[in-house]
> 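Here you go, one structure.
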Amino acid sequence: MNWIKVKVDYVSDNLEETKVKLINMFDEIGIKQIEVIDYFSENELDYNANFSIKNDVWSIIGYIVDNRFANTKLNIIFNNLKEFQNENTEFMYEIYTAKCNDEDWQDEWKKYFHTVNITDNIVIKPSWDEYEPESNEIVIEIDPGLAFGTGTHETTSLCVEFLEKYVKGKEKLLDIGCGSGILMLIGKKLGVKKVVGIDIDEKVRDVVLENFSKNGINDDFEVIIGNLVDDVNGKYDLVVSNILVDVLEKLLEDIEKILEKGATVIFSGILNEKEEAFVKKAENYNLKQIDRREKNNWVSLVFKYENYLI
C-alpha cells in the first residue's frame, strides 16, 4: 500500500496543549496511528545519547492512504493549521509531506524509537538496540512495524504502571486496541496466564505474532481482528484499553459482556478535560473508579466491575 507521510514541526508557548490540538486535527480525518516527538521524562537514563532531554521544536507525524481522498484530507490539515495559527499568534509551524510505501513507514520508526525505561522494572527495547538489563528488570523487545505502540507515549506508560500494580493473581487479560501487542506482552511477562488482543487493523496480527516470537512466547495468547469487543468470546478478570476517549465511551456500551465479577479495567487515552464526563458514563455500566494517574494532560483510570447480579 502507498502512503503520504505528513510531518508537522511546531513551536508554541503551550507545547502540551498544542500537541493535544494537533493530535485531534489528525484524528478528525482518520489518522489514528501517529508518532509524537517531544520528550517523555527528565531522567537522562531514559534517552539514547543522540537525543536531547527537551526539544524546543516538537513534531507530530501521521500517514494518509494515498488514494483519491488524500488531497482532500491534506487540505483539511492545511486549513486547520492556518486557522489555529491565526487564533494563536505564539504558534508557528512547518508542514512536510512525502510519499512512501509500507516498507518506508516501517523503517521510519527506527529513527526515533530507542531503549527506554517505562517503569523502574520494565524496559522496552527495539531489536536494533543492544541493552544489558539489571537483575530486577523485565526487558520487552518490540518493533512496532505497521502497528502503533512503542510504550513511550504517556498513555501507554500509564497503562504499564497500572498493569504492574494490579496484575497480581489475574488469569486472563484482554487488550482492546492492542496495536503492536506491547501491553499484552507486558501482561504475559508479569504473570498473566492467557492474554488476548483485539484490533481493527488487519496488519496487527502479524506484528503481534512477530513481537511475541522475539520475546520467546509461543502459546497462551491470541489476536482477534475485529471492532472493540464485537468478536470477543469469554470473560476476563483484567481488561486494558488505550484508545481515544470517544472510542472508549462507545466501548462502555458493550464492555460488561466480557467482564468477570470483580474484574479490573484500565482505561487510558483520556484528556483530563473529558475525564469527569467519562467517569460518570462508566458508572452507568457498574464500573467503580478505584485509581487514577495523569501525565501531561493525559489521564489513565482504573475501575472495578461491581455487577454482582450476573
Side-chain angles (χ1 to χ4, degrees), residues 118 122 147-149 151 153 155-201 204 208 212 217 220-270 274-275 278-293 298-310:
I118 299 299
I122 296 179
F148 180 74
H153 193 273
T155 61
T156 310
S157 63
L158 286 167
C159 283
V160 175
E161 292 172 12
F162 278 141
L163 279 176
E164 278 192 305
K165 184 174 181 179
Y166 291 99
V167 74
K168 186 176 180 180
K170 301 299 184 183
E171 296 287 328
K172 294 178 65 180
L173 179 149
L174 175 66
D175 181 4
I176 302 169
C178 63
S180 62
I182 185 171
L183 297 177
M184 298 168 61
L185 271 169
I186 290 172
K188 191 69 174 169
K189 291 277 190 175
L190 289 172
V192 179
K193 183 177 180 181
K194 174 71 178 291
V195 297
V196 177
I198 184 167
D199 201 290
I200 200 168
D201 188 344
V204 160
V208 172
F212 268 69
I217 301 173
D220 289 327
F221 74 93
E222 181 184 358
V223 181
I224 302 169
I225 304 301
N227 183 45
L228 299 178
V229 295
D230 290 349
D231 299 300
V232 177
N233 296 316
K235 295 183 182 290
Y236 297 80
D237 56 0
L238 180 60
V239 174
V240 60
S241 187
N242 176 25
I243 46 184
L244 294 173
V245 66
D246 293 343
V247 184
L248 290 176
E249 290 180 348
K250 179 66 176 176
L251 170 62
L252 286 174
E253 299 172 7
D254 296 314
I255 197 168
E256 288 188 89
K257 73 178 186 180
I258 54 92
L259 296 178
E260 289 187 355
K261 295 179 181 179
T264 299
V265 183
I266 302 168
F267 291 127
S268 197
I270 304 165
K274 296 187 176 182
E275 175 185 0
F278 180 80
V279 171
K280 287 182 178 179
K281 185 167 185 177
E283 291 173 351
N284 296 329
Y285 300 95
N286 300 298
L287 293 170
K288 179 182 178 182
Q289 183 184 342
I290 60 173
D291 213 338
R292 175 193 188 276
R293 289 183 185 176
W298 293 103
V299 176
S300 185
L301 302 170
V302 184
F303 295 85
K304 185 177 180 180
Y305 182 54
E306 293 194 324
N307 185 1
Y308 297 106
L309 300 178
I310 60 175

> Let me confirm one number: the CG-NZ distance from L259 to K235, rounded to the nearest 0.5 Å.
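The distance works out to 7.5 Å.
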
> Between the main-chain N or O of G269 and the side-chain N or O of T155, is there a donor-acceptor pair closer than 3.5 Å?
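Here the side-chain-to-backbone pair does not exist.
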
> Begin from the C-alpha positions of D175 and V195 and carry the test side-chain contact (heavy atoms from CB on, under 4.5 Å) through to its verdict.
CA-CA 8 Å; D175 181 4; V195 297; over 6 Å; no

> Indicate yes or no for a side-chain donor-acceptor contact from K288 to the backbone of Y305 under 3.5 Å, with no hydrogens or angles considered.
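Side chain of K288 to backbone of Y305, a donor-acceptor pair under 3.5 Å: no, none is there.
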
> List the atom of R293, the atom of K165, and the distance in Å for their closest heavy-atom pair.
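Between these two residues, the closest heavy atoms are NH2-CD, 3.9 Å.
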
> Between CG of N227 and CD1 of I200, what distance do you get to the nearest 0.5 Å?
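The distance works out to 4.5 Å.
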
> Please find the pair of heavy atoms, one from I198 and one from L228, that lie closest to each other, and give the distance.
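Closest heavy-atom pair between I198 and L228: CD1-O, 2.9 Å.
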
> Distance from K194 atom NZ to M184 atom CE, nearest 0.5 Å?
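Reported to 0.5 Å precision, the distance equals 9.5 Å.
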
> Which atoms form the tightest heavy-atom contact between N286 and E256, and what is the distance?
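For N286 and E256, the tightest heavy-atom pair comes out as ND2-OE1, 2.7 Å.
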
> Are the side chain of K188 and the backbone N or O of K193 linked by a donor-acceptor pair below 3.5 Å?
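Checking the backbone N and O of K193 against the side chain of K188, a donor-acceptor pair under 3.5 Å is found.
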
> Measuring from atom CD of E306 to atom CG of L287, what distance do you get when rounded to the nearest 0.5 angstrom?
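Separation between the atoms: 9.0 Å.
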
> Which heavy atom in D231 sits nearest to a heavy atom in G226, and how many Å separate them?
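That closest heavy-atom pairing would be OD2-CA, 3.5 Å.
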
> Please check: side-chain N/O of S300 versus main-chain N/O of F267, any donor-acceptor pairing under 3.5 Å?
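Here the side-chain-to-backbone pair exists.
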
> Measure the shortest side-chain to side-chain distance between Q289 and E283 over non-hydrogen atoms and say whether it is less than 4.5 angstrom.
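No, every pair of side-chain atoms sits at 4.5 Å or beyond.
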
> Which heavy atom of L301 sits nearest to which heavy atom of F162, and what is that distance?
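L301 and F162 have their closest heavy atoms at N-CE1, 4.4 Å.
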
> Quick check: closest heavy atoms across S268 and L158, and the distance to 0.1 Å?
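Heavy atoms only, the tightest pair is OG-CB, 4.3 Å.
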
> First locate atom OG of S180, then atom CG of D199, and finally report the distance between them rounded to the nearest 0.5 Å.
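That separation rounds to 9.5 Å.
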
> In terms of relative ring orientation, are F212 and F221 parallel, tilted or perpendicular, with 30° and 60° separating the classes?
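Correct class here is parallel.
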
> Please list, chain by chain and in numerical order, all residues satisfying salt bridge (charged side-chain N to carboxylate O under 4.0 Å, His left out) with E275, sequence neighbours excluded.
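Counting only residues at least two positions away or on another chain, E275 forms a salt bridge (charged side-chain N to carboxylate O under 4.0 Å, His left out) with R292.
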
> Do any N or O atoms from the side chain of D237 and from the backbone of K170 form a donor-acceptor pair under 3.5 angstrom?
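Answer holds: no.
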
> Begin with the C-alpha distance, continue with both residues' side-chain angles, and end with the deciding distance and a verdict on side-chain contact (heavy atoms from CB on, under 4.5 Å) for V196 and K172.
CA-CA 8 Å; V196 177; K172 294 178 65 180; 5.9 Å; no

> Between side-chain atoms of residues 243-255 and protein atoms elsewhere (two or more places apart, or another chain), which donor-acceptor pairs fall under 3.5 Å?
unit_1	atom_1	unit_2	atom_2	d
K250	NZ	E253	OE1	3.4

> How far does CD1 of I258 sit from CG of D230, to the nearest 0.5 angstrom?
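Nearest 0.5 Å value for the CD1-CG distance: 11.5 Å.
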
> One pair to check against side-chain contact (heavy atoms from CB on, under 4.5 Å): L163 and L173. What are the steps and the verdict?
CA-CA 10 Å; L163 279 176; L173 179 149; 3.8 Å; yes

